[in-house]
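For reference, the structure discussed in these notes is given below.
Every chain is numbered from 1 and lettered A, B, ... according to where its sequence line falls, protein lines coming before strand lines. Bear in mind that the values here come from a model prediction, so they are computed numbers and not experimental data. The basis for the numbers below is simple: all heavy atoms, side chains too, and nothing from hydrogens, waters or symmetry mates.
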Amino acid sequence: DAGVIQSPRHEVTEMGQEVTLRCKPISGHNSLFWYRQTMMRGLELLIYFNNNVPIDDSGMPEDRFSAKMPNASFSTLKIQPSEPRDSAVYFCASSLLLPAGVKEQYFGPGTRLTVT
Amino acid sequence: AQRVTQPEKLLSVFKGAPVELKCNYSYSGSPELFWYVQYSRQRLQLLLRHISRESIKGFTADLNKGETSFHLKKPFAQEEDSAMYYCALSGTGFQKLVFGTGTRLLVSP
């Protein structure tokens, strides 16, 4: 397995533009997480899904951010309109939730977003 | 509420010196604690978890419920240990991880 796949790896865009980040979780995993990493705040959970259903989106900073998971093998994080303060590295992670509650998450390589 | 505190942003040591990366947590229930590591230009990956009680790459961490701490230790640091280290907490029955802000470990020759 190639692990969690994210695209693009780097994105540079101008303020006001729409940005879409993509994630393909590990096959067979039933949970998917989106994180944002910044120097000041470290790693913050934005939203996570179980079986394609959003469970907790309390970390989504504002209405400009939205996430979808149309099927078990694909998720998107969209920012519209983007602002310079959205510049960060965005990570996607997946895991397998079992009755006992397995917590290890497998991370993708991240998307480095720069909004000018 | 769940919270993880890593008080040091940067820890710089010489090769062969002991290392301790501090992690304190706040959680009213029974926590599960983890250490994740991110080497330069690599993915964030699990280093160890407290329930496994194992040593990975010479690192160990003991959960101290009295002090609400889960410090990461290694007796003799190596240059290849230089990385960003994140402490994370999950409440019992929950899948969500709460991460600390991370500590960058720099091991100099």
For Arg41(A), side-chain hydrogen bond (donor to acceptor under 3.5 Å, both in side chains) partners two or more places apart: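 In terms of side-chain hydrogen bond (donor to acceptor under 3.5 Å, both in side chains), with neighbours along the sequence ignored, Arg41(A) is linked to Glu44(A).
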Atom group of Leu43(A) that falls short of 4.5 Å from chain B, counting heavy atoms: both
Taking all non-hydrogen atoms of both residues into account, name the closest pair between [X] and [Y] and its distance.
X	Y	answer
Arg49(B)	Glu104(A)	NH2-OE1, 3.0 Å
Tyr48(A)	Lys96(B)	CE2-CB, 3.9 Å
Arg43(B)	Gly108(A)	NH1-CA, 3.6 Å

Sidechain-backbone polar pair: Tyr106(A) side chain, Gln45(B) backbone, donor-acceptor under 3.5 Å: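 It does not hold such a pair.
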Residue-level interface, residues 98-109 of chain B with chain A, non-hydrogen cut-off under 4.5 Å: Phe99(B), Gly100(B), Thr101(B)
Rounded distance (nearest 0.5 Å) linking atom CG of Leu97(B) with atom CZ of Phe33(A): 6.5 Å
From CD (Gln38(B)) to CZ (Phe91(A)), nearest 0.5 Å: 4.5 Å
Flag if over 12 foreign heavy atoms under 6.0 Å of CG, Asp63(A):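 No, CG of Asp63(A) has 12 or fewer neighbouring heavy atoms, counting only those of other groups under 6.0 Å.
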Enclosure of Glu80(B) CD (heavy-atom neighbours >12, cutoff 6.0 Å): yes
Between Tyr86(B) and Gln37(A), a side-chain donor and acceptor under 3.5 Å: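 Yes - a donor-acceptor pair under 3.5 Å links their side chains.
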